[in-house]
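Worksheet: the structure to be examined is printed underneath.
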Amino acid sequence: MGRETRLAGSRIRTVDAHAGSCEIVPAGADYWARWHNHKEVAVFSVESDWLSKIAQQEVGATRLELEVDALPFVSDRIRQIAQMLRSEFMQPHHEPSSLYTDSLLTLLGMELIRNHSSAAARPERRQRRMPKKTIDKVTQYMRSEIGTAITVESLADVVGYSANHFLKCFKAETGQTPHKFLVNLRLDLAQELLTTTKSSITDIAFKAGFSSQTHLTSAMTKERSVTPGQLRRGLVLDQ
């Protein structure tokens, strides 16, 4: 589909931009664009200091410049991450998960560094094993902060890893993303409270870190094929 763009006072350029196309536009740029047809567009703003920090941690780059010309290009990886972010923000029954969105944005940052920056040719740090005691330390932190908005950076700081390195090592050792791991810890706590206390389901949802009773019900149904009400009535889980 036709799209017109102009960057920094240059002439207007008309290009084909199909569904799933991406554009990288420099911060503060004199930029203008329009579609020839109606389109839904997702815009993500990335702070340069945050991206530079990731580049320094992961590839040792002390200076980072994005290679941009604001023309549409196809990146399956960026499109996939953007679609997952959009789906999370569009969920009707709960607030976006800070850990989930933070994880996706970290992956997006690494994709920009690897393939669209001056640091693209630099090798990444070697991935090291994450010892069980380190995973236990992360688990303990998650449990202690289970009712708060936990971020990738806060988890990585607990064990002295960079955000991207933490994401890769944690999944390699546990078989789960930090977000999925945290959801299961929250469901474990909710299940315990539902079967051992008389607290309301709404109160239990908040104590376990869910944004609402509906959020708890949705997560429990998806992950454990049972509702909080069924658990409270004494339904035995088939695990």
Side-chain angles (χ1 to χ4, degrees), residues 24 42-61 64 66 75 77-91 94-117 119 122-189 208-211 215 219 222-223:
I24 302 175
V43 179
F44 301 98
S45 177
V46 178
E47 292 185 0
S48 59
D49 289 346
W50 173 80
L51 195 61
S52 294
K53 179 181 178 181
I54 294 177
Q56 185 169 15
Q57 291 175 334
E58 298 302 327
V59 298
L64 182 73
L66 289 180
S75 167
R77 181 66 168 159
I78 293 178
R79 181 190 53 174
Q80 181 186 37
I81 294 170
Q83 287 174 336
M84 294 168 75
L85 283 167
R86 179 188 179 280
S87 295
E88 179 66 11
F89 283 115
M90 296 293 287
Q91 287 288 339
H94 65 81
E95 294 294 319
S97 163
S98 57
L99 182 53
Y100 183 61
T101 56
D102 199 31
S103 299
L104 290 174
L105 288 171
T106 299
L107 296 177
L108 176 61
M110 279 305 301
E111 181 65 19
L112 294 174
I113 292 165
R114 282 196 200 103
N115 297 305
H116 305 282
S117 82
R122 288 174 172 266
E124 288 187 50
R125 292 174 53 189
R126 287 187 60 188
Q127 182 172 321
R128 67 182 191 267
R129 296 291 300 273
M130 181 177 282
K132 183 180 182 300
K133 65 179 182 180
T134 301
I135 295 173
D136 290 343
K137 190 173 183 180
V138 173
T139 303
Q140 182 180 3
Y141 177 82
M142 285 183 172
R143 286 192 172 122
S144 69
E145 301 291 329
I146 204 161
T148 67
I150 297 174
T151 66
V152 173
E153 189 165 4
S154 67
L155 294 176
D157 286 346
V158 167
V159 293
Y161 283 52
S162 67
N164 182 64
H165 198 61
F166 173 81
L167 288 174
K168 292 193 295 185
C169 291
F170 188 89
K171 185 172 183 180
E173 296 299 325
T174 67
Q176 301 180 67
T177 64
H179 171 254
K180 184 69 173 291
F181 193 89
L182 177 61
V183 168
N184 279 311
L185 288 180
R186 285 174 167 164
L187 288 174
D188 288 344
L189 176 59
F210 295 96
S211 60
H215 186 194
K222 178 181 178 182
E223 299 296 334

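This is a predicted model, so every value here is computed, not measured.
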One pair to check against side-chain contact (heavy atoms from CB on, under 4.5 Å): Lys168 and Met110. What are the steps and the verdict?
CA-CA 12 Å; Lys168 292 193 295 185; Met110 279 305 301; over 6 Å; no
Steps toward side-chain contact (heavy atoms from CB on, under 4.5 Å) verdict (Met130, Tyr161)
CA-CA 10 Å; Met130 181 177 282; Tyr161 283 52; 3.8 Å; yes
Between Val59 and Arg114, does a side-chain contact (heavy atoms from CB on, under 4.5 Å) hold up when you go through it step by step?
CA-CA 9 Å; Val59 298; Arg114 282 196 200 103; over 6 Å; no
Take His165 and Cys169 through the test side-chain contact (heavy atoms from CB on, under 4.5 Å) and record every step on the way to the result.
CA-CA 6 Å; His165 198 61; Cys169 291; 3.5 Å; yes
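Donor-acceptor pairing under 3.5 Å is recorded for the side chains of Thr151 and Ser154. Using modelled atom types, one finds no donor on one side chain facing an acceptor on the other under 3.5 Å when comparing Asp136 with Gln140.
Ring geometry, Phe210 versus His215: the interplanar angle exceeds 60°, so the pair is classed perpendicular (tilted spans 30 to 60°).
Nearest approach of Ala119 to Ala61, heavy atoms of both residues: CB-CB, 3.9 Å.
Distance check, rounded to the nearest 0.5 Å: CG of Leu104 to CD1 of Ile81 gives 7.0 Å. Rounding to the nearest 0.5 Å gives a distance of 11.0 Å between OG of Ser52 and CD of Gln57. Taking CG of Leu105 as the reference point, atom CD of Glu47 lies at 11.0 Å (rounded to 0.5 Å). The line from OG1 of Thr134 to NZ of Lys132 is 10.5 Å long, rounded to the nearest 0.5 Å. Note that CG of Leu112 and OG of Ser75 are 8.5 Å apart. Values are rounded to the nearest 0.5 Å. Rounding to the nearest 0.5 Å gives a distance of 13.0 Å between CD of Glu58 and CZ of Arg122.
Formation of a donor-acceptor pair under 3.5 Å by the Glu173 side chain with backbone atoms of Arg129 is not found in this model.
Glu223 has its side chain within reach of Lys180: a pair of non-hydrogen atoms, C-beta onward, lies under 4.5 Å apart. Annotation: side chain of Ile54 is in contact with side chain of Ile113 (closest heavy-atom distance under 4.5 Å). When side chains are defined from C-beta on, Trp50 counts as touching Thr106, because their heavy atoms get closer than 4.5 Å. Residues Glu153 and Phe166 fail the side-chain proximity criterion, which asks for heavy atoms closer than 4.5 Å. When side chains are defined from C-beta on, Thr101 counts as touching Phe89, because their heavy atoms get closer than 4.5 Å.
Phe181 pairs with exactly one of Val138, Thr139, Leu99 by the side-chain contact (heavy atoms from CB on, under 4.5 Å) rule, that one being Thr139.
Other residues, nucleotides and ligands contribute more than 12 heavy atoms inside 6.0 Å of the CD atom of Glu111. For CD of Gln176, the number of neighbouring non-hydrogen atoms (other residues, nucleotides, ligands) closer than 6.0 Å is greater than 12.
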